[in-house]
Amino acid sequence: MQRLARNGGTAGLLRWLAGRADGWAGIASSDGTLLSASGAAPSGPLTAPADVPDVPQLIAEGVRALTERGALAYSHDTGAHTVLLFPLPGPPGPPGQPGPHDPRDPREPHAEDRGAAPLLAVVTPRPVAAGLATLLADVLMPLSLCREAEAVERKRRRVDLAESRGREAVLHLLMTGQLSIAQQVAGALRPRLPDPVRVCVVECPGDSRDEVARVCAEADGGRSWIVRCPVYARHLILVMPAGGGTTTDEAVAALVDRCVVGVSERVPLADTATGYRQAFHALAVAREVPGRHVRFGAAPEPALVVGTAGRQWAEALLTPLLTHVPRRAQDPGSQELTATAASWLAFSSHATDHLKVHRNTLAARLRLIGELLGLDLHRLADQAALDLALRIRATPAPVCTPDPGPADDHTGGQRDGKAAPGHANGAAHDLDEVLRRPAVQEWALRQLAPVTGAAEETLRTWLRCEGRLGPTAAELGISVPGARKRLTRLEAVLQRSLLRPPSARYDLWLALRARETAAEEATS
């Protein structure tokens with residue numbers, strides 16, 4: 001009995017009791033509802049085919065009789081069977097009506113966690129086996145202790161889930177630039193959000209994410225903000241203090257076999273989204289190196305080099321979205337639509353997991369965003385423009401690189417009557433003007449410097465095919481696996497993720513477009 005209580009818990013004890021009683025054993029609530037049992041309530045006979053007991057009805061009748069009489073135990077003979085009821089010792093649970101639940105889902109309160117103290121119920125053939133009543137009396141305490149321990153474990157899982165969801169919510173607020181709200185929510189959890197930070201993405205082997213999270217916490221001494229990624233089931237996201245000597249990422253890569261780690265540059269807490277993109281790009285490179293650990297190389301954000309002209313362009317492009325007022329209270333407002341656009345640009349179809357919305361809801365929001373901005377969000381060019389505008393908006397104005405040239409004096413008109421093709425919104429036409437700025441041209445050259453020859457042709461073809469593998473392979477005259485291998489090699493060369501979102505394809509499209517605008521200007 002003691003061994004079963006330690007190893008099998010309530011279910012193991014009930015199965016053992018059912019075998020000793022040659023019948024059925026279970027636990028019922030104070031209103032007669034079955035909470036757990038040795039097996040399904042029998043729909044057939046326990047002994048004789050001619051006598052089929054209705055176990056749920058027998059238990060309900062017995063519970064009513066026990067309550068009415070105020071007895072400490074109850075026994076009732078039905079002819080071929082005997083029903084035995086014994087109240088389990090221990091304090092009653094909190095009041096409430098029990099209901100159906102999934103015992104594997106810690107989000108739903110278990111029926112045993114609610115209502116008055118339950119009862120042990122046994123249905124056994126007559127005559128009752130000698131010593132069975134004594135055995136049932138002896139098993140009450142171990143059974144009660146097992147039940148209480150399992151209730152505590154369920155509550156612990158619910159607390160863990162609530163904390164995990166809270167941390168995920170804080171990360172989402174950081175990724176959307178809502179720093180003050182994120183800090184307020186994080187105040188109830190530990191540790192406090194550091195500033196500045198390095199963002200680390202850990203790709204865990206198999207189903208070991210919980211174990212890797214424990215290793216991360218121990219290696220870091222509890223200083224990092226650890227979040228289970230809501231998009232990728234094998235990823236952990238660490239927001240780590242950026243102070244000197246921080247080696248949590250290296251320690252995790254060394255301690256966990258087949259663990260891959262990518263780490264961002266030092267960024268302000270308000271730029272957590274930038275840090276995440278950098279860490280994700282570093283992760284793509286880390287998969288291909290022996291040490292399985294890479295820190296993001298120095299590469300400025302395009303939002304830092306667009307200057308005043310770029311900020312004016314982004315403001316003009318985003319104004320219809322930022323000033324949108326929904327027609328109905330239940331429709332998404334400007335803040336929700338902006339967060340949806342940023343999530344979709346970062347995670348593509350995985351944005352449904354990030355935002356916790358249905359795919360139809362996501363599609364409807366994207367249609368509305370496209371209509372408000374006059375953009376075709378199926379086109380990579382318009383996606384890149386919107387992504388750049390949102391990143392400019394999330395970048396503090398003083399951080400942007402000034403440009404003493406004439407581009408900064410430009411207020412939003414077209415240059416020489418030329419406009420980037422494919423945009424319906426007039427503000428988007430001025431993207432070429434932003435890309436002509438000397439600082440942006442220098443940024444583009446740095447982005448594309450590692451790519452030459454056949455690699456550049458592969459990159460251009462992939463971007464021309466809207467980042468889709470099938471059309472890219474067809475245009476290059478190779479197989480889809482062959483195209484994927486080429487792009488995987490490009491990831492290592494560029495030190496950026498291309499095949500999995502967040503992808504560097506927007507930056508690369510902007511860099512190529514900047515080079516094209518420079519060439520067009522030189523020939524005009």
Side-chain angles (χ1 to χ4, degrees), residues 156-157 159-205 207-283 285-286 291-298 354 394 396 502:
R156 184 196 64 78
R157 290 200 301 269
V159 170
D160 288 349
L161 180 63
E163 180 177 354
S164 177
R165 291 291 172 83
R167 291 178 179 275
E168 181 183 323
V170 170
L171 180 65
H172 182 75
L173 291 168
L174 290 174
M175 297 280 278
T176 55
Q178 302 177 69
L179 182 59
S180 61
I181 302 176
Q183 290 175 326
Q184 292 176 22
V185 176
L189 301 172
R190 291 292 182 271
R192 297 184 62 181
L193 289 170
D195 192 6
V197 300
R198 289 185 188 272
V199 181
C200 173
V201 178
V202 182
E203 188 171 75
C204 310
D207 299 326
S208 63
R209 187 162 69 167
D210 291 342
E211 178 63 20
V212 175
R214 183 189 62 78
V215 172
C216 291
E218 291 178 353
D220 188 66
R223 295 182 302 158
S224 294
W225 189 267
I226 302 174
V227 184
R228 290 162 178 80
C229 180
V231 175
Y232 294 109
R234 294 173 55 195
H235 286 191
L236 279 174
I237 302 172
L238 279 67
V239 181
M240 309 182 300
T246 300
T247 58
T248 303
D249 47 310
E250 297 174 352
V252 171
L255 289 172
V256 182
D257 291 337
R258 297 182 293 113
C259 193
V260 185
V261 182
V263 190
S264 75
E265 298 178 301
R266 177 190 178 110
V267 296
L269 181 63
D271 290 343
T272 300
T274 298
Y276 174 75
R277 284 194 296 269
Q278 292 180 353
F280 196 89
H281 293 321
L283 182 70
V285 180
R292 310 184 314 280
H293 172 275
V294 168
R295 291 199 173 189
F296 186 79
H354 184 226

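Just so you know, residue 1 is the first one in the sequence shown, and it goes up from there. Scope of the values below: all heavy atoms of this structure, side chains included, with no hydrogens, waters or symmetry mates.
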S164 and D160, any side-chain heavy atoms less than 4.5 Å apart = no
inquiry  = I want to check something: taking the side chain as every heavy atom from C-beta on, are D210 and R228 in contact at a cut-off of under 4.5 Å?
reply    = yes
task = Determine, stepwise, if the pair Q278 / T274 fulfils side chain to side chain contact (heavy atoms under 4.5 Å, CB included).
result = CA-CA 6 Å; Q278 292 180 353; T274 298; 3.8 Å; yes
request  = Compare every heavy atom of G262 with every heavy atom of A282, then report the nearest pair and how far apart it is.
outcome  = CB-CA, 3.8 Å
task = Report yes if the side chains of L193 and L174 come closer than 4.5 Å at any heavy-atom pair, otherwise no.
result = yes
ask   = Are the side chains of V227 and V239 in touch, meaning some heavy atoms are under 4.5 Å apart?
value = no
ask   = Within a reach of under 6.0 Å around CZ of R156, are more than 12 heavy atoms found that belong to other residues, nucleotides or ligands?
value = yes
task = For residues R223 and P191, report the shortest heavy-atom separation together with the two atoms involved.
result = O-CG, 3.5 Å
C204 vs E211 side-chain heavy atoms within contact, under 4.5 Å = no
query = Mind checking whether P205 and V256 have side chains closer than 4.5 Å, heavy atoms only?
reply = yes
key: Closest non-hydrogen atom pair, A286 against H293   = CB-N, 4.0 Å
Sub-4.5 Å side-chain heavy-atom contact between F280 and H235 = yes
ask   = What residue among L238, D220, I226, I237 forms side chain to side chain contact (heavy atoms under 4.5 Å, CB included) with C200?
value = L238
message = Just verifying a value: how many Å separate L269 CG and W225 CH2, rounded to the nearest 0.5 Å?
response = 10.5 Å
key: Side chains of V285 and H281 in contact at under 4.5 Å (non-hydrogen atoms)   = no
Exercise: identify the closest heavy-atom pair between A394 and D271 = O-OD1, 4.3 Å
ask   = Between the main-chain N or O of C259 and the side-chain N or O of R292, is there a donor-acceptor pair closer than 3.5 Å?
value = yes
inquiry  = Looking at every heavy atom in both R266 and R198, which two are closest together, and how far apart are they?
reply    = N-NH1, 3.6 Å
message = Please evaluate residues L171 and R167 with respect to the criterion side chain to side chain contact (heavy atoms under 4.5 Å, CB included), reporting the C-alpha separation (whole Å), side-chain torsions for both, the decisive distance (0.1 Å), and the verdict.
response = CA-CA 6 Å; L171 180 65; R167 291 178 179 275; over 6 Å; no
query = So, for P268 and V197, which heavy atoms are closest and what is the spacing to 0.1 Å?
reply = O-CG2, 4.3 Å
message = Measuring from atom CD of Q184 to atom CG of L173, what distance do you get when rounded to the nearest 0.5 angstrom?
response = 10.0 Å
From CD (E203) to SG (C229), nearest 0.5 Å = 10.5 Å
Distance in Å, R157 CZ paired with L161 CG, rounded so as to fall on 0.5 Å steps = 10.5 Å
